[in-house]
Amino acid sequence: MRIVALAGGIGGARFLRGLLAAVGPQDEITVIGNTGDDIHLYGLKVCPDLDTVMYTLGGGINEEQGWGRADETWSIKAEMKEYGVGPEWFGLGDRDFATHLVRSQMLTAGYSLSQVTEALCVRWQPGVRLLPMSDDRVETHVRITDEQGTRAVHFQEYWVKLHAAVDAEAIIPVGADTAEPAPGVLEAIAAADVILFPPSNPVVSIGTILAVPGIREAVAAAPAPVVGLSPIIGGAPVRGMADKVLAAVGVEAAAEAVALHYGAALLDGWLVDTADEDAVAGVEAAGIACRAVPLLMTDVDATAEMARAALALAEQVRA
Ligand code: GDP
Ligand code: CA
């Protein structure tokens, strides 16, 4: 079976770990990763979502945090601070720095982000084919209004520095309109037997991937069933501040509303948590097959069970 999954960072990566545990060795998983969170820091290109997937599946992740490296040290950051060079609010540890150095060195030498990602994965062996959504630069910006007036800030500044404490007025994937899908992305979608939307952020993770011209169209046109899992349980994100960016696009933080936001043109099936059993009828009325199953990724076994439920729903809608 050829499985394609669109993925952001933590939610995507944890789901993929369960998916890998649920499938057999003959199944092939291609992950299309969000690069809208990418940021240039200290002259280096940082790809937080690609790295979260790579470290999580490759066994290098800081489990408690969900991002960054395990057993991390912070000497470089402390030294930079002595020079008055920040930003202080973004956590880049010493081990993590090595990844960004290798990536930036290869990009400067002329390799594409897909080639660099493939090279980094030689070390991490994530067990999936990890493709950036695009080799072109896309950066999600957020329009906010605070005491400094109305302005656009980089998504990382909004999320990490401001903790999404001010309302997001608009989410703009800068550069997406002229970006092209990375090599292999459209081919993988067209050749897939199943397409999955993990419980990643529907706006700034999956939404950004779908904003690359051609990707949304390819998913909608793909012969494979498309099944998503809700990142919203009981009217709130399980982790993080997805409600803030959902509000910016006029979508309620509710499992049903997120399914309708993707819509029947993209989704054939949708899983909600058992706490959201009430949402099933409304989602089905919109033409999307829906089941309520436990959706908390408490451990790999529970997550593998979620992945099995998603694959089972895909089989049902295929028939
Ligand atoms: P990010 O890039 O690190 O923010 O990660 P993603 O976009 O891939 O995933 C973020 C989403 O994962 C958040 O909106 C959370 O609600 C969701 N999430 C995190 N843990 C769980 C979980 O255990 N179950 C479900 N259903 N969603 C989760
Ligand atoms: Ca992210």
Side-chain angles (χ1 to χ4, degrees), residues 5-19 31-39 46-57 61-68 90-91 130 132-133 138-140 142 154-160 163-164 168 171 173 196-210 227-249 251-255 257-259 261-262 270-276 279 291-307 309-310:
L6 276 48
I10 301 177
R14 290 196 171 156
F15 174 75
L16 289 167
R17 192 158 56 181
L19 178 64
V31 175
I32 301 170
N34 173 40
T35 56
D37 290 18
D38 293 7
I39 185 165
V46 180
C47 301
D49 284 359
L50 293 180
D51 290 349
T52 295
V53 170
M54 197 170 73
Y55 295 158
T56 301
L57 302 184
I61 197 79
N62 178 321
E63 288 290 344
E64 296 72 48
Q65 245 169 218
W67 55 271
F90 201 86
L130 177 60
M133 65 189 196
V138 178
E139 256 178 35
T140 303
V142 181
H154 190 285
F155 172 73
Q156 297 298 352
E157 185 173 350
Y158 180 70
W159 207 248
V160 181
H163 302 290
I171 312 291
L196 298 176
F197 292 2
S200 284
N201 190 307
V203 182
V204 294
S205 292
I206 309 272
T208 309
I209 300 169
L210 294 171
V227 173
L229 298 92
S230 179
I232 305 292
I233 297 183
V238 178
R239 181 189 169 116
M241 301 140 307
D243 47 326
K244 290 293 212 166
V245 290
L246 280 166
V249 297
V251 177
E252 190 195 339
V258 173
H261 170 63
Y262 285 131
W270 184 243
L271 295 179
V272 300
D273 187 76
T274 43
D276 294 312
R291 306 283 181 272
V293 298
L295 287 189
L296 276 178
M297 300 190 282
T298 41
D299 56 31
V300 176
D301 288 346
T303 313
E305 207 45 49
M306 287 166 54

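Remember, it's 1-based here, ligands and their atoms both numbered in the order they're listed. Heads up: numbering here begins at 1 and tracks the sequence.
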Open item on the list: Among all the protein's non-hydrogen atoms, which is closest to atom 11 (C) of ligand 1, and how far away is it?
Closed with: P199 O, 3.2 Å

Task: Atoms in ligand 1 flagged as close to P237, the criterion being non-hydrogen separation under 4.0 Å - done: 16 (O)

Open item on the list: Checking the side chain of S200 only, and the main-chain atoms of G12 only, is there a donor and an acceptor separated by less than 3.5 Å?
Closed with: yes

- [ ] Take atom CD of E252 as the centre, draw a 6.0 Å sphere, and report whether it contains more than 12 heavy atoms from other residues, nucleotides or ligands.
- [x] no

TODO: Around atom 23 (O) of ligand 1, find the nearest protein heavy atom and jot down its residue, atom name and distance.
DONE: M297 N, 2.8 Å

TODO: Would you give the length of the straight line joining atom CG of N34 to atom OG1 of T208, rounded to the nearest 0.5 angstrom?
DONE: 5.0 Å

Open item on the list: Using side chain to side chain contact (heavy atoms under 4.5 Å, CB included), reason through R239 and M297 one step at a time and then give a plain yes or no.
Closed with: CA-CA 11 Å; R239 181 189 169 116; M297 300 190 282; over 6 Å; no

Task: Partner of F15 under side chain to side chain contact (heavy atoms under 4.5 Å, CB included), chosen from I10, L196, T56 - done: L196

Task: Whether D276 side chain and G234 backbone form a donor-acceptor pair below 3.5 Å - done: yes

- [ ] Check each atom of ligand 1 against the heavy atoms of S200 and keep those under 4.0 Å away; list them by number with element.
- [x] 6 (P), 7 (O), 8 (O), 9 (O)

TODO: Could you pull out the atom name of the N/O/S atom in D37 that is nearest the Ca ion (ligand 2)?
DONE: OD2

- [ ] Note the single closest protein heavy atom to atom 3 (O) of ligand 1, along with its residue, its atom name and the distance in Å.
- [x] I10 N, 2.8 Å

Open item on the list: When you compare ligand 1 with G11, is there at least one nitrogen or oxygen pair between them that comes in under 3.5 angstrom?
Closed with: yes

Task: Contact with ligand 1 for S230, non-hydrogen, under 4.0 angstrom - done: yes

Task: V204 vs F155, side chain to side chain contact (heavy atoms under 4.5 Å, CB included): CA-CA, chis, key distance, verdict - done: CA-CA 9 Å; V204 294; F155 172 73; 3.8 Å; yes

Open item on the list: Rounded at 0.5 Å granularity, tell me how far CZ in R291 sits from CH2 in W270.
Closed with: 14.5 Å

TODO: Show which atoms of ligand 1 fall inside a sub-4.0 Å distance from at least one heavy-atom site of G12.
DONE: 8 (O)

Open item on the list: Residue-level breakdown please: for T298 versus ligand 1, do any non-hydrogen atoms fall below 4.0 Å on the side chain, on the backbone, on both, or on neither?
Closed with: neither

- [ ] Would you confirm whether Q156, through its side chain, and D37, through its main-chain N or O, come within 3.5 Å as a donor-acceptor pair?
- [x] yes

TODO: Considering only non-hydrogen protein atoms, determine which one is nearest to atom 16 (O) of ligand 1 and report residue, atom name and distance to 0.1 Å.
DONE: P231 O, 2.7 Å

Task: Nearest neighbour in protein (non-hydrogen) for atom 28 (C) of ligand 1 - done: V238 CB, 3.6 Å

Open item on the list: Could you identify the single nearest non-hydrogen protein atom to atom 25 (C) of ligand 1 and state the distance to 0.1 Å?
Closed with: L295 O, 3.3 Å

Open item on the list: As an exercise, identify every atom of ligand 1 less than 4.0 angstrom from a heavy atom of R239.
Closed with: 13 (C), 14 (O), 15 (C), 16 (O), 19 (C)

TODO: Begin with the C-alpha distance, continue with both residues' side-chain angles, and end with the deciding distance and a verdict on side chain to side chain contact (heavy atoms under 4.5 Å, CB included) for D51 and W67.
DONE: CA-CA 8 Å; D51 290 349; W67 55 271; over 6 Å; no

Open item on the list: Taking 4.0 Å as the limit for heavy-atom contacts, which would you say applies to A242 with ligand 1: side chain only, backbone only, both, or neither?
Closed with: side chain

Open item on the list: Return the closest protein heavy atom for atom 2 (O) of ligand 1 as residue, atom name and distance.
Closed with: G9 N, 2.8 Å

TODO: Can you sort out which atoms of ligand 1 are near S205, meaning under 4.0 Å from one of its heavy atoms?
DONE: 2 (O), 6 (P), 7 (O)

TODO: For N201, take its heavy atoms, then give the atoms of ligand 1 lying under 4.0 Å from any of them.
DONE: 6 (P), 7 (O), 9 (O), 10 (C), 11 (C)

Task: Any D49 heavy atom less than 4.0 Å to ligand 1 - done: yes

TODO: State the CG-CG distance between L229 and L19, to the nearest 0.5 angstrom.
DONE: 9.5 Å

Open item on the list: Looking at ligand 1, would T52 count as a contact under a 4.0 Å heavy-atom criterion?
Closed with: no

Open item on the list: The test is side chain to side chain contact (heavy atoms under 4.5 Å, CB included); show your working for D273 and S230 and say whether it passes.
Closed with: CA-CA 7 Å; D273 187 76; S230 179; over 6 Å; no

